[in-house]
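Below, chains carry the letters A, B, ... as their sequence lines are ordered, and counting in each starts from 1.
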There are 2 protein chains.
Amino acid sequence: MTTDDNNMGRTPTLADVAGLAGVSTATVSRCLNSPDQVVERTRKKVEDAVLKLGYAPNFNARALAAKRTNTIGAIIPTMENAIFARGLQSFQEELGCSGVTLLVASSSYRTDLEEEQIRTLVSRGADGILLIGLHRDPKIYEFLKRQNVPVVVAWVFDPNAKVPTVGFDNFSAMKALADRVISMGHRRLSTITASPQDNDRASERLRGIYASMMEAGIPKTELSIVEAEYGIDEGGAALEQLLCQTVRPSVVMCGNDVLAVGAIAKAQELGLCVPDDISVTGFDDIEIAKISSPALTTVHVPHRRMGKEAAKMLINLVNAAKNQNSILIETSLVVRASLSGA
Amino acid sequence: MTTDDNNMGRTPTLADVAGLAGVSTATVSRCLNSPDQVVERTRKKVEDAVLKLGYAPNFNARALAAKRTNTIGAIIPTMENAIFARGLQSFQEELGCSGVTLLVASSSYRTDLEEEQIRTLVSRGADGILLIGLHRDPKIYEFLKRQNVPVVVAWVFDPNAKVPTVGFDNFSAMKALADRVISMGHRRLSTITASPQDNDRASERLRGIYASMMEAGIPKTELSIVEAEYGIDEGGAALEQLLCQTVRPSVVMCGNDVLAVGAIAKAQELGLCVPDDISVTGFDDIEIAKISSPALTTVHVPHRRMGKEAAKMLINLVNAAKNQNSILIETSLVVRASLSGA
DNA sequence: GTGCGCAATGCAAGCGCTTACATTGACGGC
DNA sequence: GCCGTCAATGTAAGCGCTTGCATTGCGCAC
């Protein structure tokens, strides 16, 4: 027994396998990547050697040589709530069907971090990237184009964007909800929203509320706005802030279900009855919307379908590089007990 | 203007930067990795070239040459609920402090998938790996050891395991809860749990319940068990199943808060009053535990601290390779309204 | 002025893999 | 029996980077 061909020291390489199997590295490589090019007998020898050595290919070397990673990256604002997790899960499942691995990073809603992570993903050789929302420094899109990395943007729909989008119309969805709210007699409106600054979903939804108010002839000033990060406790805190104001709003439209559930809990804690004293609405229709008490009026977003479509589109782009048309995901109003007439 | 030194075609490489800056590739590399080895004037030239070219280093090439990726991998059972997400978030934050990137994969609670993903992470050159729970094929641990990739296991505590763990004592935590439940007079017990088959957290917690029953002289048969995947709807379905049995349990101890919230919602839907007709307990103490109505009796797990400690430990292992001692994360009982006397 | 030490830089050998191209040899048609 | 064909395999040139070692040239002590 020699000292170097067996399981001593270094982790085994392609060359080790080739040596053991008595073939060239090229043949081993072919066994791994396109087995049908190799005759049965040879393949068997190679497979035995692989097993015996416990060989695992070095991904980085492979990526370097092949200039392809079969990897797609996604950057989401946060992993901490179910909203993105669910869409991402089906995104991942769909990718998996095509043998593509998903790399996830979360930006904590910070554009600087996001930018850094985009660079990281690119330099890791992601064949494509999924981003949430369109709003970001144009330089990033240039960078991506220059690096030849296709991008799909999800969670928003904009057929005129310079990158394909898979998502819903945040403006119209929220406007539809606001229309309903206003039609039920609400006039003193309020909203708890993520900062619309760097967040086009939030700003579009806000626009939706304003548009609805305008149509109903309600002055803009009738909407009180509190910004909050997404979280149950944050929703509660935001509600308290709203209640401090001179006129108490009759309804609070929350940027998502998590905020809404927090707001409801806090309202109840403060002795208010939802919806009699104050109505609350959410956005997303995640599971807690249904089990909240009172159950949450919200906008249903088919996250899974969105994730799946985004994956398909990205795979197409990676493979064929032909342009893809943006896909509109339809949302729907779900009216439940947390909303009542004013 | 020549055709190849500027921003045409290919993405720029180290050599391009070196050419533009009029230095060697080694110098450029040093500028990027240990700037203090390079004199100011040279560094400036290089930085200008980098900017001008929009150069981004090729991670794979770097990893191949340097045999280090500054990357740590984590495989969690699911991204779909907040339980792991939160621990992972602080894990990531802590890693970020040391300039380490996190790669996340989710195994959907499937051991075969997990194994595959471990191989993927290793072949991607992860410097270390975080795993949830100890229970898995010993071969995997051997593989990891052979590949020289340090591992930390979280969510469980076992000082005798062959790998360091950062977690809590699932057995004792659940036993403490069961002790409380039983001390309140409950005798007809039930539990909704993940399949304890491949899940040591679940099996330990189950053992905890049995241990408590035994101490109280309650026969094992008094515990009805329903297995369910983690999810609100699944919790509801499991509850229905429990209610079909001849004797209705007076308490249902759920494997986590998500199941518990689902069970509560379903019970209420069926016209039962919680806790008067049936008590419900959870595990984890995530945010919804507090806002559920009635609020959930559960076991508080400091997920953030666990994530942070795991990160520190893994970084130590990667750097120094000295053995680390397992860390016990203390849990605590949180008694809220969902549990009452039998 | 000479020589030494040392900081700054360059040279070039890989890292482990893929793949275009070259080589081999078995087989069948003539 | 010869040769063309083609499938199976081998050869070797990179992929873009890091890094040990060699080289350069500067400042200083003498």
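For DNA chain C, the neighbouring residues in residues 37-50 of chain B, judged by any heavy atom under 4.0 Å, are B:Val38, B:Val39, B:Thr42.
For A:Lys44, the salt bridge (Lys or Arg N to Asp or Glu O under 4.0 Å) criterion is met by A:Asp48, not counting sequence neighbours. Not counting sequence neighbours, the partners of A:Leu121 by the side chain to side chain contact (heavy atoms under 4.5 Å, CB included) test are A:Ile75, A:Leu103, A:Ala126, A:Ile129. Take B:Ala49 and apply the side chain to side chain contact (heavy atoms under 4.5 Å, CB included) test, not counting sequence neighbours, and it matches B:Val17, B:Leu20, B:Ala21. Evaluation of the salt bridge (Lys or Arg N to Asp or Glu O under 4.0 Å) rule for A:Asp112 yields A:Arg110 as partners, not counting sequence neighbours. For B:Thr111, the side chain to side chain contact (heavy atoms under 4.5 Å, CB included) test picks out B:Asp198, with sequence neighbours left out.
Sorted by first and then second residue, the side-chain hydrogen bond (donor to acceptor under 3.5 Å, both in side chains) pairs with a member in residues 68-78 of chain A read A:Arg68-A:Asn70, A:Arg68-A:Asn319, A:Thr69-A:Asp127, A:Thr71-B:Arg124; sequence neighbours excluded.
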Reading nucleotides 17-28 of chain D from 5' to 3' and marking B where a protein heavy atom lies under 4.0 Å of the base, S where only the sugar-phosphate is that close, and - otherwise, the string is BBBB--------
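The CZ atom of A:Arg136 sits 4.0 Å away from atom OH of A:Tyr141, with the distance rounded to the nearest 0.5 Å. Atom CD1 of residue A:Ile72 and atom CG of residue A:Leu317 lie 9.0 Å apart, to the nearest 0.5 angstrom.
Inter-residue side-chain proximity for B:Phe143 and B:Val122 is flagged as met; some heavy-atom pair is nearer than 4.5 Å.
Within the helix from C:dG1-D:dC30 to C:dC30-D:dG1, the inter-axis angle between the opening and closing five-pair segments is 50°, rounded to 10°.
Contacts between chain B and DNA chain C, taken as any atom within less than 4.0 angstrom of a protein heavy atom, begin and end at C:dA8 to C:dG16.
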Exercise for the section: Could you check A:Glu115 against A:Arg119 for salt bridge (charged side-chain N to carboxylate O under 4.0 Å, His left out), going step by step and ending with a plain yes or no? Expected result: CA-CA 6 Å; A:Glu115 184 168 342; A:Arg119 288 183 191 281; 3.8 Å; yes
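Put simply, CG on B:Leu64 is 12 Å from C1' on D:dG14, counting in whole angstrom units.
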In a table with atom names and distances, give each donor-acceptor pair under 3.5 Å that connects a side chain of residues 83-97 of chain A to protein atoms at least two apart or in another chain.
from	atom 1	to	atom 2	distance (Å)
A:Ser90	OG	A:Gly87	O	3.1
A:Ser90	OG	A:Arg304	O	2.9

List, one per line, each side-chain donor-acceptor pair under 3.5 Å for residues 25-32 of chain A, sequence neighbours excluded.
from	atom 1	to	atom 2	distance (Å)
A:Thr27	OG1	A:Ser24	OG	3.3
A:Ser29	OG	A:Asn33	ND2	3.3

